[in-house]
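Below you'll find the structure, written out as structure tokens, and then a few comments.
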Amino acid sequence: MSGETLLEKLLDGAEVEWVPLGKLGELVRGNGLQKKDFTDFGVPAIHYGQIYTYYQLSTERTKSFVSETLAKTLRKVSKGDVILTNTSEDLDGVVKALVYLGDSQAVTGGHATIFKPSRSVLGKYLAYFTQTSAFLLAKQKYAKGTKVIDVSTTDMSKLKLPIPCPGNRKRSLAIQGEIVRILDGFTELTAELTARKKQYEYCRDQLLRFDDDQVERKTLGEIGEFIRGKRFTKADYADDGVGVIHCGEIYTRYGVHTTHVFSRVRSELAGSLRYAEPNDVVLTDVGETVDEVGKAVAWLGSEKVAIHDHCYAFRHSVNPKFVSYCMQTPSFIKEKGKYVARTKVNTLLINGFSKIAIPLPSLAEQSRIVSILDQFDTLTNSLTEGLPREIELRQKQYEYYRDLLFSFPRPKQAVTRHA
């Protein structure tokens, strides 16, 4: 059943009224809460910044707490209330919604408004509507500022929400509830897929974690050497010619290993370039973030490949996939951070990087671990058959049906029909 048909079936001829939030509940501006106020236990607390970074659409538990003394001075959030952000760096983030479903009363602070819904509207119904394209256009009218976008609580109260069957509260809530139920199904599946991806990453890290008495550890400098690439530019690219790996492609196009290249340069440049040999691990020496610096891909092609001057080829006698997988782990990334010069462009200090040690089980054990991780890598990182692709498809499907389920006729288009 299409979204349009489903919406028509849900309405079954009922009219729809677009009602300002100020008439659907009470809006209360938050006050005072700062991140430095957080404690390990106490009264549940939600900072507006966490709504962008930590929470999804709803939550039963808070990430943070504050003392009971401070909580007495802050705005209270009850079960079913919706917290709406007043400020953000962009339009998408402002009036972002979080439904609080916890049994214990919580608190929130400034830059957030608490919407306490009346008995005629479901908080989660409002929260889903705030994600739609129609709502994005509506809130743009009230957004003020450039570097920081702000929508005041007063202006929030003017934003309208479509209320189906406004003359029959029981039926209206049933329609709202069914829309919420359908959209919950999509979001729960996406969340499950995301959790599975994290589970695979956890298994990877466990497989590459050894006690010191289990295996020998050697530094990268002890097991291999680093060969820096030579410069070429995008102006040198050609349809045919020498296969190359550009540092920027390692961030965006390559995974843990590859047998093919995405780019080539003119054949006459062949003598002036430096190359990675088959089984070398190619890594970047610059990046916008510390995580990007030193990002690695094992070159498993049958021929040598030219590398950019912001890349190094790590030549060694270890299983190349094993080395590359080790370089993806949180422990390695944390250690790598010690050897990054943090300037306008983060740069890898290769002499320090070469001092990082990795575990070295037998080659047979390396191959066994790699065979398991290859399966995880396909599931978690393949663009065509893995979880990211599945998550992307589910997200698009969710957004499609969400917008259709909220495609109620606007006031000027509305035609009153009676069931």
Side-chain angles (χ1 to χ4, degrees), residues 2-4 6-11 14-27 48 51-52 55-59 77 80-86 88 90-101 112-143 149 151-153 155-166 169 171-188 190 395-414:
S2 71
E4 295 99 329
L6 179 56
L7 179 58
E8 290 175 2
K9 183 177 179 180
L10 286 172
L11 288 175
E15 67 176 297
V16 175
E17 183 179 354
W18 290 74
V19 184
L21 290 185
K23 292 186 177 181
L24 290 170
E26 181 185 9
L27 290 104
Y48 83 99
I51 298 176
Y52 311 132
Y55 297 107
Q56 298 299 319
L57 185 95
S58 63
T59 187
V77 183
D81 288 353
V82 184
I83 305 174
L84 302 164
T85 59
N86 286 92
S88 174
D90 55 41
L91 186 62
D92 284 345
V94 74
V95 203
K96 186 172 174 61
L98 173 69
V99 185
Y100 181 61
L101 300 175
T113 291
I114 306 163
F115 175 69
K116 295 182 174 294
S118 68
R119 297 173 62 203
S120 62
V121 62
L122 299 177
K124 221 172 186 185
Y125 176 79
L126 166 62
Y128 275 122
F129 180 67
T130 64
Q131 296 181 339
T132 63
S133 303
F135 188 80
L136 181 69
L137 290 174
K139 68 183 178 181
Q140 188 172 14
K141 175 182 176 181
Y142 299 105
I149 307 298
V151 174
S152 70
T153 300
D155 283 337
M156 274 189 197
S157 69
K158 302 173 186 174
L159 291 166
K160 294 182 178 181
L161 180 69
I163 299 297
C165 201
R169 184 171 63 85
R171 187 178 173 198
S172 178
L173 291 175
I175 295 171
Q176 294 177 43
E178 181 62 11
I179 290 174
V180 166
R181 186 193 67 79
I182 294 168
L183 295 177
D184 276 351
F186 284 111
T187 55
E188 286 169 7
T190 302
Q395 181 65 22
K396 287 181 177 178
Q397 187 181 39
Y398 156 71
E399 291 171 358
Y400 171 77
Y401 277 98
R402 179 200 64 205
D403 285 357
L404 282 178
L405 284 168
F406 280 104
S407 61
F408 298 103
R410 302 295 300 188
K412 291 182 180 179
Q413 302 169 329

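We number each residue from 1, following the sequence as shown.
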### Message
Looking at Arg181 and Asp184, is there a salt bridge between them, counting it only when a charged N and a carboxylate O are closer than 4.0 Å?
### Response
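Salt bridge flag = no for Arg181 with Asp184.
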
Heavy atoms only: give me the nearest [X]-[Y] pair and the separation to one decimal.
X	Y	value
Lys96	Ile51	CE-O, 3.2 Å
Val94	Lys139	O-NZ, 2.7 Å
Pro117	Gly80	CG-O, 3.6 Å
Val180	Lys124	CG1-CD, 3.8 Å
Leu405	Ile182	CD1-CG2, 3.9 Å
Gly93	Asp90	N-OD1, 2.8 Å

To the nearest 0.5 Å, what is the distance between [atom1] ([X]) and [atom2] ([Y])?
X	Y	atom1	atom2	value
Phe408	Ile175	CZ	CD1	7.5 Å
Thr130	Asp92	OG1	CG	11.0 Å
Ser157	Lys23	OG	NZ	10.5 Å
Phe135	Leu161	CZ	CG	8.5 Å
Leu98	Ile114	CG	CD1	11.5 Å
Ser172	Leu122	OG	CG	8.0 Å

Below 4.5 Å, heavy atoms only, C-beta onward: do [X] and [Y] meet side chain to side chain?
X	Y	result
Ile163	Gln176	yes
Leu159	Pro20	no
Leu24	Ser120	yes
Asn86	Met156	yes
Asp81	Phe115	no
Ile83	Tyr48	no

### Aromatic ring pairing Phe406/Tyr125, orientation class (parallel under 30°, perpendicular over 60°, tilted between)
tilted

### Message
Determine whether a donor-acceptor pair (N or O, by modelled atom type, separation under 3.5 Å) exists between the side chain of Thr85 and the backbone of Val95.
### Response
yes

### Listed partners of Gln131 passing side chain to side chain donor-acceptor pair (under 3.5 Å), at least two apart
Tyr398

